[in-house]
Amino acid sequence: MAATAFLAGALSLAAQEGAPVDTALVVSVDVSNSVDAPRYRLQMEGIAKALEDPGVIDAITGGSAGGILFSMVTWADTPSFVIPWIRIANKADAFAAAKRVRTLPQQGGEFTCMTRMLRSVNDKIVPQVPAKAARILVDVSGDGPDNCNAEESIETVRNELVNNGVTINGLPILLDTPEDSALLPKAVPGGKHPLEQWYREHVMAGPGSFVLPAQGYGDFERAIRQKFVIEVSGLSPPTFSLTNFTR
């Protein structure tokens, strides 16, 4: 009897893990040299509070499948798959995921190796999605462009992800200090911040993709919360620019 009950429980768990979801979401967070301890905490707390937000929870549970798959990557010189795929189907699941985010130790690193991170997501994380998902989304947030001199271009990996059915959305964190990096587009008075423009040209891709900037680390919580609602609800992305940048 005990063995039968154990087998039934195992089969039930397997069925639950394999149940379809509305969205499989990879949240990837820059933890390179520019991200000090206070900035790291603002990012982790922002993600955790977004997961606990009633509007986000309503979006997660309001789809046809009633749930999402959530995972998280932190990255600098190398990526780390810090939260493997977990299912969020109710408020308790969302709060449990938020608790895991809050307890993640900070990963060290110097460079912003975004291309390497996307390669890892494509090769190791997306293939591990444990259930059929109506949408597979990758969130990319950071305060600078890829500066890692990767062996392949970011466009190559980005396009491969799109060919594998993935949509990539960007959350550039726009800092007050003007960027003079040769890697960024030249600033245009009255135009978009150079980093936002770089994300639009090199990061966002796939059906319904968009870029939603944060006005500094203090605005990250607002931006990631709004982004989650748009993504897990399957809403149309913003058609307006949230930032106008003038040097």
Side-chain angles (χ1 to χ4, degrees), residues 23-37 39-48 50-51 68-86 88 97-98 100-130 133 135-173 181 183 195 198-199 202-206 209 211 214 217 220 223-224 227-228 231:
T23 303
L25 177 63
V26 183
V27 177
S28 67
V29 183
D30 174 15
V31 293
S32 59
N33 193 48
S34 61
V35 181
D36 57 16
R39 288 177 170 180
Y40 178 79
R41 293 319 317 167
L42 283 170
Q43 290 182 101
M44 297 302 109
E45 188 64 21
I47 294 167
L51 288 169
I68 70 168
L69 290 169
F70 175 88
S71 65
M72 195 165 161
V73 178
T74 57
W75 51 278
D77 301 337
T78 58
S80 294
F81 195 18
V82 291
I83 299 182
W85 290 110
I86 56 175
I88 302 177
R100 290 186 67 173
V101 172
R102 285 192 173 97
T103 59
L104 290 173
Q106 184 168 358
Q107 170 192 352
E110 182 176 358
F111 296 105
T112 307
C113 298
M114 192 184 299
T115 304
R116 291 180 186 172
M117 178 274 293
L118 290 175
R119 171 52 66 193
S120 179
V121 169
N122 182 77
D123 294 354
K124 300 178 181 179
I125 298 176
V126 170
Q128 293 179 12
V129 177
R135 298 177 297 275
I136 302 176
L137 305 175
V138 177
D139 270 335
V140 181
S141 64
D143 64 9
D146 190 317
N147 61 7
C148 214
N149 296 321
E151 297 78 13
E152 56 187 339
S153 71
I154 191 169
E155 292 82 7
T156 296
V157 189
R158 178 195 65 186
N159 295 343
E160 191 170 332
L161 276 161
V162 172
N163 289 337
N164 288 330
V166 177
T167 292
I168 308 168
N169 297 324
L171 197 165
I173 302 169
S181 172
L183 300 173
L195 183 60
W198 188 87
Y199 264 68
H202 301 282
V203 179
M204 66 173 280
S209 61
V211 169
Y217 280 90
F220 182 85
I224 195 71
K227 199 157 181 284
F228 281 177
E231 290 171 328

**OP:** Could you tell me whether a side-chain N or O of N164 sits under 3.5 Å from a main-chain N or O of V166, the two making a donor and an acceptor?
**Re:** no
Subject >> Within-4.5 Å side-chain heavy-atom neighbours: S71 and F81 >> reply: yes
Original post:
Is it true that a side-chain atom of R119 and a backbone atom of I154 form a donor plus acceptor pair closer than 3.5 Å?
Top reply: no
**OP:** Check whether any side-chain N or O of D77 sits under 3.5 Å from a backbone N or O of G109 as a donor-acceptor pair, and report yes or no.
**Re:** no
Original post:
For S120, which of P79, S28, C113 qualifies under side-chain contact (heavy atoms from CB on, under 4.5 Å)?
Top reply: P79
Subject >> Side chain Y217, main chain R41, donor-acceptor under 3.5 Å >> reply: no
Original post:
Which distance, rounded to the nearest 0.5 Å, do you find between the CG of N169 and the CD of E231?
Top reply: 4.5 Å
Original post:
Is there a side chain to side chain contact (heavy atoms under 4.5 Å, CB included) between W85 and V26 once you walk through the steps?
Top reply: CA-CA 9 Å; W85 290 110; V26 183; 3.5 Å; yes
**OP:** Just do the side chain to side chain contact (heavy atoms under 4.5 Å, CB included) check on T115 and E152 with the steps written out, would you?
**Re:** CA-CA 8 Å; T115 304; E152 56 187 339; 4.1 Å; yes
Original post:
Which heavy atom in Q107 sits nearest to a heavy atom in A76, and how many Å separate them?
Top reply: NE2-N, 4.0 Å
Original post:
Which heavy atom of D123 sits nearest a heavy atom of P127, and at what distance?
Top reply: O-CG, 3.4 Å
**OP:** Look up atom CG in D30 and atom CD in Q43, then write down how far apart they are to the nearest 0.5 Å.
**Re:** 6.5 Å
Subject >> Straight-line distance of I168 CD1 to N159 CG, nearest 0.5 Å >> reply: 8.0 Å
**OP:** Could you check if a side-chain atom of L161 sits within less than 4.5 angstrom of a side-chain atom of V126, using non-hydrogen atoms only?
**Re:** yes
**OP:** For N147 and T112, indicate whether the former's side chain and the latter's backbone hold a donor-acceptor pair under 3.5 Å.
**Re:** yes
Original post:
Should F220 and L42 be marked as a side chain to side chain contact (heavy atoms under 4.5 Å, CB included) after you check the CA-CA gap, both sets of side-chain angles, and the distance that decides it?
Top reply: CA-CA 7 Å; F220 182 85; L42 283 170; 5.6 Å; no
Original post:
Can you tell me how far CG of N122 sits from OG1 of T156, rounded to the nearest 0.5 angstrom?
Top reply: 11.5 Å
Original post:
M44 and M72: side chain to side chain contact (heavy atoms under 4.5 Å, CB included), yes or no, with the steps?
Top reply: CA-CA 11 Å; M44 297 302 109; M72 195 165 161; 3.6 Å; yes
Subject >> Euclidean distance, R100 CZ relative to L51 CG, rounded to 0.5 Å >> reply: 11.5 Å
**OP:** Any chance you could measure I83, atom CD1, to F70, atom CZ, to the nearest 0.5 Å?
**Re:** 5.0 Å
**OP:** Indicate the atoms forming the closest heavy-atom contact of Y199 with G142, along with that distance.
**Re:** OH-N, 3.1 Å
Original post:
Can you name the closest pair of heavy atoms from F228 and A50 and give their distance?
Top reply: CD1-CB, 3.7 Å
Subject >> Q106 side-chain N/O to V35 backbone N/O, donor-acceptor pair under 3.5 Å >> reply: yes
Original post:
Would a 4.5 Å heavy-atom cut-off, applied to side chains only, mark R116 and E151 as touching?
Top reply: yes
Subject >> Heavy-atom pair with the smallest gap, counting every atom of V140 and L118 >> reply: CG2-CD2, 4.1 Å
Original post:
Do you know the tightest heavy-atom contact between V29 and S141?
Top reply: CA-OG, 3.8 Å
